**Q** 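First the structure, which I've put down as structure tokens, then a few questions once you've had a look.
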Amino acid sequence: MIIYTKDITQDFWTGTGGAKLGDFIADYVVKQQYGEYPLQISFLGIDNITPSFVNGAFLYLIDLFGQDFLRKYVKVIQANKEVAQTIRNSVQTYFEYQKNFFAQLKINHIYCAIDGSNEGKTFRFELYEMTKKQGFSFHFNPDDTTFSLVAKEKITKSDVFIGIITSNFFDGYILEQANYAIQECQKPCLLFCKHDVRLNIKKELRNKIHIIYYGQGNYLEKRQEINKIVQMNKQEYIANQKTTNTNQNVVAWTLLGLGAVALIGYLFQEETAEK
Amino acid sequence: MEITKNIPLKLEAKFLMELYIQLQESGYTEIYFDWINNHSVDVNAIALYLSLKQVFGFKGITLKHINHTENQSYLRIEKVINCSIADNDCKDIYITPVRSEEEVEMLKIYLSRFFHLCLPIQNLDTRPLEILFFELFMNICQHSFDDNGFVFVSYGENRLMQFVFSDLGIGIAQKIKAFFTNKDFPTDAHAIEYAMQDLVSTQTTTHNKGRGLNTLYSNIVAYKAELEIICNGGRVIISDNRTIADNLAYFYQGTLISITFDMSYLKAKEQVNFEEEIDF
């Protein structure tokens with residue numbers, strides 16, 4: 001399918017103009033569950049674009065879905081030399097930047113709390129292997145049923161918190177740790193919760209905790225959901241200058257996003273395998 | 001002849017334009033500004049001075065702080081020489097931050113008039129200029145946290161085009177220092193230089209990736225243009241592929257970016273082919 005950029009926007013100069021194209025591509029692929037072939041994005045009739053436009057159109061997609069998404073679903077056609085050069089430069093530079101940035105993040109620690117159900121125990125073992133291979137530094141909660149001092153110490157030393165709740169029997173145990181991570185340690189926090197689990201979250205925590213339900217929806221939708229949460233929190237720090245170390249908080253949220261994306265990839269892989 | 005002006009608490013381009021017209025019509029020799037001992041007026045006066053200096057020519061205006069008492073002081077701007085501004089319809093452009101596609105369209109119409117009708121460059125490929133213009137313009141809109149920014153464009157007989165962008169917002173240096181608290185910036189000029197590196201961004205919006213100032217730098221070098229960034233307590237000048245960074249003797253609230261672009265380096269327009277493809 002060919003998408004003519006001129007039909008989507010007339011503003012080829014700003015990030016906002018680019019984002020109209022980016023949003024269109026994202027919605028088309030995610031909602032229509034677009035198939036195997038890349039969408040062909042035509043720049044016919046467009047004299048020039050700014051790097052800001054490329055940010056909104058393509059780098060935004062990389063942020064939301066990763067580099068593979070762009071490779072799989074997007075192909076640029078009918079561009080003039082300058083437009084093609086601006087796109088190539090921006091995308092290649094950003095790929096390179098992400099590679100270096102992610103490599104630096106591997107020294108940071110992600111605390112992962114998994115409940116003690118059979119499903120949780122399987123996750124724990126397999127996630128440990130997977131994250132080790134991917135080079136992430138995941139620290140898992142101790143294999144016990146009460147929130148111990150050891151767990152508290154691990155959370156304190158980690159940069160971000162991710163919890164996985166597979167069953168209603170164990171939600172209290174994971175939520176207690178999440179509460180500690182948010183209230184006591186001010187860590188970025190995200191919970192993965194199986195779609196049929198009904199959580200009982202304390203009132204004071206409700207606005208502070210982000211929950212992604214897995215086991216329904218599609219992988220790209222969830223990935224988009226995670227990254228929107230990450231972007232929203234990053235922007236909140238930037239706009240309000242909530243603390244004096246904005247950059248570190250932004251980096252921590254980026255780490256949380258990457259860790260969460262790795263986990264959701266695993267959770268969907270498991271689901272597909274079950275089917 | 002003397003003109004005395006009260007500088008408004010909030011400097012706006014409208015004020016500058018009225019002043020400019022008044023100056024042109026009056027054949028003045030000296031202008032006095034009431035400079036109340038108030039920080040924001042102080043800052044505005046400096047912004048005004050710098051803008052006028054850029055707009056009215058490179059040599060003609062000097063700043064003389066001729067009197068200062070507890071309640072009142074004066075900025076004196078001396079006689080303007082070699083005023084080189086394009087014709088009345090398009091000598092300058094003033095735009096408030098763009099928040100809608102309609103406003104972007106308006107901006108493009110202004111630019112189109114300026115680039116294609118009023119300047120004798122119909123056969124030149126002005127796209128590099130347009131990119132510079134928009135990248136800088138969006139900088140004001142997105143990063144300055146100020147409601148107004150102002151932009152002046154002038155074109156002289158010597159084929160030099162000058163853009164001046166300014167806002168009285170937070171300033172690049174302060175913003176960089178507030179965001180990258182783990183880095184050490186001995187001076188504001190260091191922070192400006194850091195901001196010009198590729199992919200350095202304070203990520204004010206999700207679309208900011210830190211390419212704007214670096215794109216500016218690349219174009220400045222590629223087209224042998226000159227760039228001066230004045231911001232907070234520092235200044236960075238790029239000219240002849242050399243970068244000079246120094247400290248200001250005053251504090252400039254916000255950012256002023258001035259670009260001098262020699263139109264002789266623009267290429268002639270070519271037939272455009274839409275044949276390129278990219279597989280990522």
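The shown structure was predicted, so the numbers you read here are calculated from the model rather than taken from an experiment. In what follows, chains are A, B, ... by sequence order, proteins preceding strands, each numbered from 1.
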**Q** Between A/Leu61 and B/Phe280, is there a side-chain heavy-atom distance shorter than 4.5 Å?
**A**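 B/Phe280 vs A/Leu61: side chains apart.
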**Q** How far does NZ of B/Lys269 sit from CG of A/Asp47, to the nearest 0.5 angstrom?
**A**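 Interatomic distance, B/Lys269 NZ to A/Asp47 CG, rounded to 0.5 Å: 8.5 Å.
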**Q** Given side chains that start at C-beta, do those of B/Ile131 and A/Pro51 come closer than 4.5 Å, heavy atoms only?
**A**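 A side-chain contact under 4.5 Å exists here.
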**Q** By a 4.5 Å heavy-atom criterion (distance strictly below it), what part of A/Ile46 contacts chain B: side chain, backbone, both, or neither?
**A**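 Backbone only.
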**Q** Answer with side chain, backbone, both or neither: which region of A/Phe53 has an atom nearer than 4.5 Å to a non-hydrogen atom of chain B?
**A**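 When you check distances to chain B, no heavy atom of A/Phe53 falls under 4.5 Å.
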**Q** If you round to the nearest 0.5 Å, how far is CG of B/Leu132 from OG1 of A/Thr50?
**A**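 That separation rounds to 11.0 Å.
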**Q** Would you say A/Asn80 and B/Asn273 make side-chain contact, with heavy atoms under 4.5 Å?
**A**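 Sidechains of B/Asn273 and A/Asn80: no contact.
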**Q** Any carboxylate oxygen within less than 4.0 angstrom of a Lys/Arg side-chain nitrogen, looking at B/Glu276 and A/Arg88?
**A**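 Salt bridge: yes.
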**Q** For chain B, find which of A/Gly18, A/Ala57, A/Gly45 contributes the most heavy-atom pairs closer than 4.5 angstrom.
**A**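 Top option by heavy-atom pairs under 4.5 Å: A/Gly45.
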**Q** Report which part of A/Ser42 has an atom under 4.5 Å of a heavy atom belonging to chain B: side chain, backbone, both, or neither.
**A**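 Contact with chain B: none, neither part.
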**Q** Any chance CG of A/Asn100 has more than 12 other-residue heavy atoms, nucleotides or ligands included, within less than 6.0 Å?
**A**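 Check passes, neighbour count above 12.
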**Q** Can you find a heavy atom in the side chain of B/Phe274 that is under 4.5 Å from one in the side chain of A/Ile77?
**A**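 With C-beta onward as the side chain, the pair stays apart.
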**Q** Measure the spacing between CD1 of B/Ile278 and CG of A/Leu70 and express it to the nearest 0.5 Å.
**A**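 Reported value, rounded in 0.5 Å steps: 9.5 Å.
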**Q** With a 4.5 angstrom heavy-atom cut-off, is it the side chain or the backbone of A/Gln67 that approaches chain B, or both, or neither?
**A**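 Neither the backbone nor the side chain of A/Gln67 comes within 4.5 Å of chain B.
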**Q** Please flag which part of A/Val91 lies under 4.5 Å from any non-hydrogen atom of chain B: side chain, backbone, both or neither.
**A**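 The side chain, not the backbone.
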